[in-house]
Chemist: 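Can you keep this structure in mind? I'll have questions shortly.
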Amino acid sequence: MHNTNPIITEQMSEPADIKSMTKPELTAFLARLGEKPFRAGQIFKWLHQRQVRSFEEMTDISKDLRNVLQKTAQLTVIKSVEVQISKQDGTRKYLFALPDGHMIESVLMKYKHGNSVCISSQAGCRMACRFCASAIGGLVRSLHPSEMLEQIYRIGQDIGERISNVVVMGTGEPLDNYDNLLRFLELLSDEHGLHISQRSITVSTCGLVPQIRALADRKLQITLALSLHAPSQEKRLLLMPVAAKYDLAQVMEACDYYFATTGRRMTFEYSLVHGVNDTEEDAEQLCALLGNKNCHVNLIPVNPVRERSFRQPDMNTTMRFKNKLEKNKINVTIRREMGRDIDGACGQLRKKYGH
Ligand code: SF4
């Protein structure tokens with residue numbers, strides 16, 4: 001696991017990852033270089049509003065300081081390797097190379113209400129969900145806050161438009177990279193950065209109970225989405241190995257705690273897999289599980305994964321499932337599949353490059 005704290009990195013005399021530093025951390029870092037606090041404000045804007053790729057572009061900073069930064073700090077930039085653009089709906093799928101050469105994916109979705117970016121929080125993932133292409137190679141490493149931000153910055157620059165929504169739902173389990181995720185959220189919503197409202201940010205988890213509770217205690221205004229995918233512990237275990245560590249009852253209690261503590265309505269993600277979790281009985285069990293909760297359910301006809309034999313249910317089955325939930329007064333949406341004509345399920349593009 002890489003070092004997550006830019007200040008520690010700095011003490012170890014490696015270049016400090018200044019794009020991962022919060023404003024107070026950046027101020028302290030510059031103070032040690034003999035600089036006044038207002039410099040931190042200037043540099044923070046260059047990093048997070050103008051999103052420059054080099055210190056030379058920071059034109060209101062003296063040449064001497066830029067030279068010092070060149071030696072003591074690292075300006076993390078990721079590189080676009082491939083972009084696939086859907087002819088159907090304009091969805092763009094990006095393959096980015098991290099500074100150490102590992103590959104990650106991000107997706108831009110264009111909606112009427114604005115541009116939404118789905119980012120990766122790790123290269124690979126160790127949660128091993130059965131329906132997920134990202135799980136196949138296991139975890140490579142967690143991403144730094146700067147590498148999470150960069151996905152949004154580079155996509156915004158590529159399309160020349162503002163990004164209004166961010167979902168942390170790409171490769172990786174964000175709560176398995178908890179400290180970096182919190183720092184990322186702080187930087188993303190900072191008024192001197194991209195200033196994305198916390199209410200426009202969704203974080204998705206497969207159900208790491210201690211971290212859900214810890215996140216609740218931070219009382220952020222983000223939306224938490226639980227990847228539920230099964231209405232019972234028995235079925236969830238078949239799809240998600242994490243269920244062996246935290247059973248469904250524990251996970252649902254943690255979700256209740258999240259709602260009670262933050263006042264934010266939970267979203268439950270449910271991938272419909274033909275013959276696995278799409279029956280009448282599954283719908284009934286799901287109603288019993290969620291019936292008394294103030295929540296939203298996203299039904300997602302599963303993306304076929306080449307290496308697995310999972311298939312999507314047909315439209316009738318999907319609609320029957322949805323209607324059953326609605327009859328039980330559960331808010332439900334069928335998640336429109338974006339970019340069906342470009343490289344399939346999350347994780348497929350990255351796999352094509354052998355990463
Ligand atoms: S679905 Fe998410 S948590 Fe599960 S293996 Fe894939 S990336 Fe990891």
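Both ligands and their constituent atoms are indexed starting at 1 by order of listing.
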Chemist: To the nearest 0.1 Å, how far is atom 2 (Fe) of ligand 1 from its closest protein heavy atom, and which atom is that?
Modeler: Gly172 O, 4.0 Å
Chemist: Heavy-atom contacts under 4.0 Å between Ser204 and ligand 1: side chain, backbone, both, or neither?
Modeler: neither
Chemist: Among Lys19, Arg141, Lys79, whose salt bridge (Lys or Arg N to Asp or Glu O under 4.0 Å) with Glu147 holds?
Modeler: Arg141
Chemist: Going by atom types only, do Asp89 and Thr91 share a side-chain donor-acceptor pair under 3.5 Å?
Modeler: yes
Chemist: To which protein heavy atom is atom 8 (Fe) of ligand 1 closest, and what is the distance rounded to 0.1 Å?
Modeler: Cys125 SG, 2.3 Å
Chemist: What protein heavy atom sits nearest atom 6 (Fe) of ligand 1, and how far away is it?
Modeler: Cys132 SG, 2.3 Å
Chemist: Flag yes if more than 12 heavy atoms outside Lys235 fall under 6.0 Å of its NZ atom; otherwise flag no.
Modeler: yes
Chemist: Closer than 4.0 Å to some heavy atom of Ala128 - which atoms of ligand 1 meet that?
Modeler: 5 (S)
Chemist: Under 4.0 Å between a Lys/Arg side-chain N and an Asp/Glu carboxylate O for Glu326 and Lys322?
Modeler: yes
Chemist: Could you identify the single nearest non-hydrogen protein atom to atom 4 (Fe) of ligand 1 and state the distance to 0.1 Å?
Modeler: Cys129 SG, 2.4 Å
Chemist: Should you measure from each heavy atom of Met127, which atoms of ligand 1 turn up under 4.0 Å away?
Modeler: 3 (S), 8 (Fe)
Chemist: Are Glu284 and Lys324 ion-paired here, with the side-chain N under 4.0 Å from a carboxylate O?
Modeler: yes
Chemist: Might you work through the salt bridge (charged side-chain N to carboxylate O under 4.0 Å, His left out) test for Glu25 and Arg183, ending with a clear yes or no?
Modeler: CA-CA 11 Å; Glu25 287 169 351; Arg183 198 183 284 272; 2.4 Å; yes
